[in-house]
Amino acid sequence: MARKLRILRASDLNDTLDMREVVPLIEQAFVERGLGRTEMPPKSYLHFPSHDGVLLIMPGNLPQMDEAAVKLINVHTRNPTDHGLPTLISTIVLISPDTGEPVCIMDGTYVTGMRTGAVSGVATKLLARSDSRVLGIVGAGFQGPFQFHAIRHCMQVERLLVTDLVPERARQLAHMAETFGIPAQACETIEEVVKGCDVLVTATPSDRPIVRDEWVHEGMHINCVGTYARGKQEVDPAILKRSIVVVDDWTQASHAGEINVPVSRGEFDRSGVYAELPAIAAGLTPGRTDDRDITVFDTTGLAIQDVVTAWKVFEVAERENLGSLIEPLYT
Ligand SMILES: NC(=O)c1ccc[n+]([C@@H]2O[C@H](COP(=O)([O-])OP(=O)(O)OC[C@H]3O[C@@H](n4cnc5c(N)ncnc54)[C@H](O)[C@@H]3O)[C@@H](O)[C@H]2O)c1
């Protein structure tokens with residue numbers, strides 16, 4: 001019998017999930033990928049140069065979990081000024097693997113925040129030194145709280161150092177951490193954060209290296225989150241040269257991740273990558289083996305992460321009757 005289609009707007013979704021349940025889900029999605037049990041064609045792009053826009057299409061299928069979805073994300077840089085709309089608009093369509101029906105259409109912003117945070121949490125768990133205590137965050141925008149919450153469930157965070165070009169944002173994130181009992185300091189410089197932390201997150205849209213090689217010390221772990229497109233980078237490529245570099249997916253990372261600029265200049269290639277995180281999550285490759293190593297995780301975001309997180313949101317929405325239901329589109 002035809003199923004009604006659930007519509008979930010952004011305002012229906014806030015706080016639907018607990019980060020403690022998303023981290024293991026994301027880890028499981030990495031395991032599935034590591035074991036070769038996912039289907040995830042490369043991201044496709046449609047370009048709208050006359051509108052300064054691009055659309056990314058991200059399909060993913062996890063047969064073992066019986067979950068599939070397609071995420072659409074547009075990046076239209078003139079939206080805020082010309083149309084009063086956000087630069088990024090993201091929509092996820094959940095597909096029933098059983099019948100092929102779309103069962104839910106949801107705004108993708110919340111899912112992207114939760115899954116991106118959880119990915120850093122999983123990478124921190126698998127790659128950071130076990131005695132890491134100080135978390136550093138550079139870039140305290142939308143991602144900041146998700147990164148903080150995920151990582152505090154994956155390492156024993158005793159202190160947060162945070163900085164942002166807009167100091168008020170760093171102060172707000174520091175204040176939020178303190179409400180969770182974690183002493184926090186909004187720092188004036190990136191140098192202070194990098195030198196003082198054990199685990200670093202970079203979550204800015206920077207297109208030049210903002211983390212210098214000489215600030216990075218032995219034993220650190222760095223989650224490079226911000227670089228999502230060709231030509232962008234956040235850390236000095238010299239850091240990559242002396243680190244254990246792990247990517248979420250070589251193809252995506254070499255085109256659009258932290259390594260894309262050095263790869264395009266011929267200064268870095270696949271031989272510089274230690275492993276893909278799915279192989280480590282699946283136990284096929286060891287994670288950190290030496291406390292003195294610097295580990296760098298380059299994440300570009302995988303469709304399968306959106307799939308598992310969005311289906312968890314849908315499960316809650318079904319249970320709590322969130323959003324609205326419409327008649328199937330195809331009848
Ligand atoms: N890897 C992934 O899967 C993934 C997922 C989502 C977002 N992203 C990327 O992560 C980045 C952050 O996303 P967001 O949604 O939090 O964006 P945002 O715009 O909400 O926040 C970015 C923050 O970085 C700050 N910033 C910019 N340049 C800085 C600098 N040089 N030093 C310090 N702070 C600086 C800004 O002031 C802002 O507060 C974006 O580039 C986004 O595309 C990546």
Side-chain angles (χ1 to χ4, degrees), residues 116 119-129 131-140 143-144 147 151 155 160-165 187 189-250 252-277 280 285-301:
T116 307
V119 165
S120 291
V122 172
T124 300
K125 187 177 142 189
L126 296 172
L127 297 172
R129 271 186 2 247
D131 62 348
S132 299
R133 296 288 178 269
V134 183
L135 171 63
I137 297 183
V138 177
Q143 264 304 318
Q147 294 290 322
I151 292 174
M155 85 179 225
L160 171 71
L161 303 176
V162 51
T163 192
D164 194 288
L165 269 186
C187 301
T189 65
I190 297 174
E191 180 176 357
E192 267 178 278
V193 173
V194 177
K195 284 184 169 170
C197 73
D198 301 311
V199 170
L200 178 70
V201 173
T202 57
T204 76
S206 180
D207 51 15
R208 66 187 168 83
I210 53 172
V211 176
R212 291 214 198 137
D213 185 32
E214 61 266 28
W215 302 336
V216 172
H217 51 84
E218 236 178 37
M220 268 184 89
H221 170 66
I222 308 175
N223 293 307
C224 298
V225 174
T227 301
Y228 65 93
R230 207 178 277 271
K232 295 202 174 282
Q233 57 184 153
E234 294 183 289
V235 308
D236 185 336
I239 299 168
L240 304 176
K241 286 280 184 198
R242 64 184 179 107
S243 299
I244 304 286
V245 177
V246 174
V247 297
D248 56 0
D249 177 88
W250 160 255
Q252 286 195 188
S254 58
H255 287 102
E258 186 59 45
I259 61 173
N260 89 85
V261 172
V263 166
S264 69
R265 291 182 182 148
E267 295 163 5
F268 192 89
D269 61 27
R270 194 163 189 163
S271 66
V273 172
Y274 167 72
E276 292 182 330
L277 199 69
I280 297 176
T285 308
R288 170 182 288 271
T289 52
D290 188 328
D291 275 355
R292 289 165 302 181
D293 283 339
I294 299 162
T295 47
V296 172
F297 175 53
D298 179 358
T299 173
T300 52

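Excluded from the calculations below are hydrogen atoms, water molecules and symmetry mates; all remaining heavy atoms, backbone and side chain alike, are included. Along the sequence shown, residues are numbered consecutively beginning with 1.
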Residue pair [X] / [Y]: nearest heavy atoms and the distance that separates them:
{"X": "A128", "Y": "V199", "answer": "CB-CG2, 3.7 Å"}
{"X": "E234", "Y": "G226", "answer": "OE1-N, 3.0 Å"}
{"X": "I294", "Y": "H217", "answer": "CG1-O, 3.6 Å"}
{"X": "A253", "Y": "T300", "answer": "CA-CG2, 3.7 Å"}
{"X": "V193", "Y": "L161", "answer": "CG1-O, 3.8 Å"}
{"X": "K232", "Y": "N260", "answer": "O-ND2, 3.1 Å"}

**Study point:** Flag, side chain of R242 to backbone of D213, donor-acceptor distance under 3.5 Å
**Key:**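 Judged by distance alone, yes, a pair lies under 3.5 Å.
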Exercise for review: Rounded to the nearest 0.5 Å, what's the gap from NZ on K241 to CG on D236? Could you check?
Suggested key: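 That separation rounds to 11.5 Å.
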Check your understanding: CD/Q143 to OG1/T116 distance, rounded to the nearest 0.5 angstrom?
Key ->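 With rounding to 0.5 Å, CD (Q143) is 4.5 Å from OG1 (T116).
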Check your understanding: Could you walk me through whether V225 and F297 pass the side chain to side chain contact (heavy atoms under 4.5 Å, CB included) check?
Key -> CA-CA 8 Å; V225 174; F297 175 53; over 6 Å; no
Practice item. Only one of E214, R212, M220 passes side chain to side chain contact (heavy atoms under 4.5 Å, CB included) with V194; say which it is. Key: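 Looking at E214, R212, M220, the match for V194 under the side chain to side chain contact (heavy atoms under 4.5 Å, CB included) is M220.
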Exercise for review: State which residue, out of V273, L126, T295, L277, fulfils the side chain to side chain contact (heavy atoms under 4.5 Å, CB included) condition with V246.
Suggested key: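 Output: one option passes, namely L277.
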Practice item. State, without any angle test, whether E258 and T227 hold a side-chain donor-acceptor pair at a distance under 3.5 Å. Key: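 Note: E258 and T227 side chains meet the donor-acceptor criterion.
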Review point. Do T299 and N223 get their side chains close enough for a donor-acceptor pair, meaning under 3.5 Å?
Key: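 Short answer, no.
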Exercise for review: Show your working on side chain to side chain contact (heavy atoms under 4.5 Å, CB included) between D249 and E276 and close with a plain yes or no.
Suggested key: CA-CA 6 Å; D249 177 88; E276 292 182 330; 4.2 Å; yes
Exercise for review: Under the salt bridge (charged side-chain N to carboxylate O under 4.0 Å, His left out) rule, what do D293 and R288 come out as? Steps first, then yes or no, please.
Suggested key: CA-CA 8 Å; D293 283 339; R288 170 182 288 271; 5.4 Å; no
Check your understanding: Got a sec: does the CZ of R133 have more than 12 other heavy atoms crowding it under 6.0 Å?
Key ->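 Yes, because the 6.0 Å sphere around CZ of R133 holds more than 12 heavy atoms from other groups.
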